[in-house]
Amino acid sequence: MEVEGEEQTSIWNKETVPKVMKIVSTRLAQRDLISLLLLSPWIHRTLISYPSLWLSIDLREMNNAGDRLIAALSLPRYQHVKQISLEFSQDIDDDHLEVIKSKCLGSLQDLESLNLNGCQKISDKGIEAVTSCCPKLKVFSIYWNVRATDEGVKHLVKNCKYIVDLNFSGCKHLSDKSLQLVADNYPELESLNLTRCVKMRDSGLQQVFVKCSFLQSLNIYALSSFTDEAYKKISVLSHLKFLDLCGAQNLSDDGLSCIAKCKKLVSLNLTCLFGIVGVTDKCLEALSKSCANTMTTLDVNGCIGIKRRSRDDLLKLFPYLRCFKVHS
């Protein structure tokens, strides 16, 4: 009976466990998968045998993130990692990224997405080190990085040729030089976030409009530095769907009439705490002529020149509108 029990256990471990793990593992978060590795040798071997489970490294909001990342990239199972998130993680700086460049370069050759949001200790030096390891990178996010400058963007465009999604939100030291670099090197860019990049001006944004004609999402929240002049060439963005102009105090009907020529707009945010005085009902009419069949989200709260309208009135202009907000 004891021998028979051992045989059943062996069958369970060799046949049943792998089948169960294959089903369960695809539904678990990565941190839970790592915990499962410690349960038994059989589970460990089973999980390690599925390469698709180890294509991402999630260290969001974790302490000792730099050391953890180096340790993870040293493991064979992460040799083809595609996504790394270090969003608001602690204890990672330029030195860690330099170590990764020197010791783990091979592990990042297939990386497609890198999230460094809130990693305040990473500067241009770290950006140069990590991007030099990621030739296939497509998504790069450095939200709220107050150390990054135009030099860091220069390293990015040199090392990573296939970027389609960029988040520079809160990078207050980036200027028009960065926009020019982006425009010159990423003609297939689809998403760009420039929230609170306060050094950027009309001329830099125009370069992006002219050269990045595949943009679908543009976020320039809290940037009063842009004027109507910046939007004169926005109509070339024939694929633009999402546009966030919250806080665009210098925007007027003239600028918005140019924006209205983007005929695929789905969502437009024009809210402003301090009021956008140059935008009036005239802009809604222009938007309706071009975007009536696509617009589903419209926020004009703060556009004090636009009169209050009922839901039925707005639906006459935009029949597919699902979410809207006008000033009270």
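- Under the 3.5 Å distance criterion, the side-chain polar atoms of N145 are matched with a main-chain donor or acceptor of A148.
- Under the 3.5 Å distance criterion, the side-chain polar atoms of Q90 are left unmatched by any main-chain donor or acceptor of G66.
- If you check the side chains of D299 and N301, you find no donor sitting under 3.5 Å from an acceptor.
- Residues forming a ring-ring contact (aromatic ring centres under 6.0 Å, His included) with W54 (at least two apart in sequence, or on another chain): Y78.
- In terms of modelled atom types and a separation under 3.5 Å, the side chain of D228 and the main chain of A230 share no donor-acceptor contact.
- Annotation for F242: hydrophobic cluster partners, listed by chain and number, are V266 (ILVMFWY side-chain heavy atoms under 4.5 Å, direct or chained).
- The backbone N or O of L86 sits less than 3.5 Å from a side-chain atom of S89, completing a donor-acceptor pair.
- Both M62 and L75 sit in one connected hydrophobic cluster of ILVMFWY residues. Membership requires side-chain heavy atoms under 4.5 Å apart, directly or through other members.
- Note that CG of L314 and NZ of K325 are 14.0 Å apart. Values are rounded to the nearest 0.5 Å.
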Anything under 3.5 Å between a donor and an acceptor, one on a side chain of residues 212-219, the other on a protein residue two or more places apart or in another chain? List them.
residue: N219; atom: OD1; partner: T195; partner atom: OG1; Å: 2.8
residue: N219; atom: OD1; partner: Y221; partner atom: N; Å: 3.1

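- Residues forming a side chain to side chain contact (heavy atoms under 4.5 Å, CB included) with K232 (at least two apart in sequence, or on another chain): Q206, E229.
- Although no hydrogens or angles enter the test, the distance criterion places a donor-acceptor pair under 3.5 Å between the side chain of T131 and the main chain of I127.
- Donor-acceptor pairing under 3.5 Å is lacking for the side chains of S257 and D254.
- Residues V208 and Y186 fail the side-chain proximity criterion, which asks for heavy atoms closer than 4.5 Å.
- The main-chain N or O of L317 is found under 3.5 Å from a side-chain atom of S288 such that the two form a donor-acceptor pair.
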Exercise for the section: Step by step, work out the side chain to side chain contact (heavy atoms under 4.5 Å, CB included) result for Y320 and M295. Expected result: CA-CA 6 Å; Y320 298 98; M295 190 76 71; over 6 Å; no
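- A donor-acceptor contact closer than 3.5 angstrom links the side chains of D150 and S178.
- Checked against side-chain hydrogen bond (donor to acceptor under 3.5 Å, both in side chains), D165 has no partners two or more places apart in sequence or in another chain.
- Here R60 does not pair with E87 in a salt bridge; the nearest charged N to carboxylate O distance is not below 4.0 Å.
- Taking the charged nitrogens against the carboxylate oxygens, D110 and K136 do have a contact shorter than 4.0 Å, which makes a salt bridge.
- Of the possible donor and acceptor atoms, one in the side chain of D94 sits under 3.5 Å from a partner among the backbone N and O of G126.
- The main-chain N or O of R196 is never found under 3.5 Å from a side-chain atom of S169 such that the two would form a donor-acceptor pair.
- At a threshold of 4.5 Å between non-hydrogen side-chain atoms, the residues R77 and V81 do not count as touching.
- The hydrophobic clustering, which links ILVMFWY residues whose side-chain heavy atoms are closer than 4.5 Å, places Y143 and L137 apart.
- Salt bridge status for K211 with D184: present, with a side-chain N to carboxylate O gap under 4.0 Å.
- One hydrophobic cluster, built from ILVMFWY side chains closer than 4.5 Å, cannot hold both V139 and L192; they sit in different ones.
- The CD1 atom of I220 sits 6.0 Å away from the CG atom of L243 when rounded to the nearest 0.5 Å.
- If you check the side chains of S224 and N250, you find no donor sitting under 3.5 Å from an acceptor.
- Checked against side chain to side chain contact (heavy atoms under 4.5 Å, CB included), K103 has the following partners two or more places apart in sequence or in another chain: V99.
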